[in-house]
Participant: 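The structure that follows is given in the form of structure tokens.
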Amino acid sequence: MKYIFSTGCLYHLPIEEIFLLASEAGFDGCEVVIDQRFMSDGYLDRVVTCRRSFPYTLFMHRSSR
């Protein structure tokens with residue numbers, strides 16, 4: 001069984017900090033919520049960089065808002 005952390009619950013923090021917290025807490029991966037920030041300049045690059053920094057799975061879904 002894998003435990004995945006949703007970035008949506010800490011949306012107010014920088015994505016790098018969310019990935020770090022998830023890693024330190026022992027989660028197996030992160031679910032990245034695709035919202036208005038996802039389309040901002042450089043955000044996708046930051047997510048990709050986070051993904052390279054941590055050896056776990058990355059799941060994505062669109063926000064329902």
Side-chain angles (χ1 to χ4, degrees):
M1 181 182 309
K2 299 277 185 189
Y3 292 95
I4 306 299
F5 187 83
S6 176
T7 61
C9 62
L10 295 175
Y11 67 91
H12 59 281
L13 295 176
I15 193 68
E16 296 85 356
E17 189 170 344
I18 297 171
F19 269 74
L20 181 60
L21 290 170
S23 177
E24 289 176 348
F27 283 87
D28 297 305
C30 274
E31 167 193 52
V32 177
V33 176
I34 299 174
D35 58 10
Q36 67 276 6
R37 291 174 301 153
F38 198 80
M39 300 308 292
S40 67
D41 192 35
Y43 189 78
L44 180 56
D45 293 332
R46 291 170 55 206
V47 170
V48 169
T49 299
C50 288
R51 172 62 183 102
R52 290 182 184 145
S53 301
F54 300 106
Y56 52 73
T57 308
L58 177 67
F59 296 92
M60 303 175 120
H61 77 86
R62 185 179 159 270
S63 174
S64 59
R65 292 186 218 172

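All of these numbers come straight from a predicted model, not from anything done at the bench. What you see below is based on every heavy atom in this structure, not just the backbone, and it leaves out hydrogens, waters and symmetry mates.
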Participant: By side chain to side chain donor-acceptor pair (under 3.5 Å), which residues pair with T49, not counting sequence neighbours?
Facilitator: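 So T49 forms no side chain to side chain donor-acceptor pair (under 3.5 Å) with any residue.
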
Participant: State whether the side chain of D28 and the backbone N or O of I4 hold a donor-acceptor pair below 3.5 Å, judged by distance alone.
Facilitator: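 No.
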
Participant: Residues two or more places apart in sequence or in another chain: which of them pass side chain to side chain contact (heavy atoms under 4.5 Å, CB included) with L13?
Facilitator: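 Applying side chain to side chain contact (heavy atoms under 4.5 Å, CB included) to L13 gives L10, E17, I18, L21.
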
Participant: Run the side chain to side chain contact (heavy atoms under 4.5 Å, CB included) test against Y43 and tell me which residues pass, sequence neighbours left out.
Facilitator: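 Side chain to side chain contact (heavy atoms under 4.5 Å, CB included) list for Y43, sorted by chain: I15, R37, F38, S40, R46, V47.
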
Participant: State, to 0.1 Å, how close S6 and V33 come at their nearest heavy-atom pair, and which atoms those are.
Facilitator: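 That closest heavy-atom pairing would be OG-CG2, 4.1 Å.
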
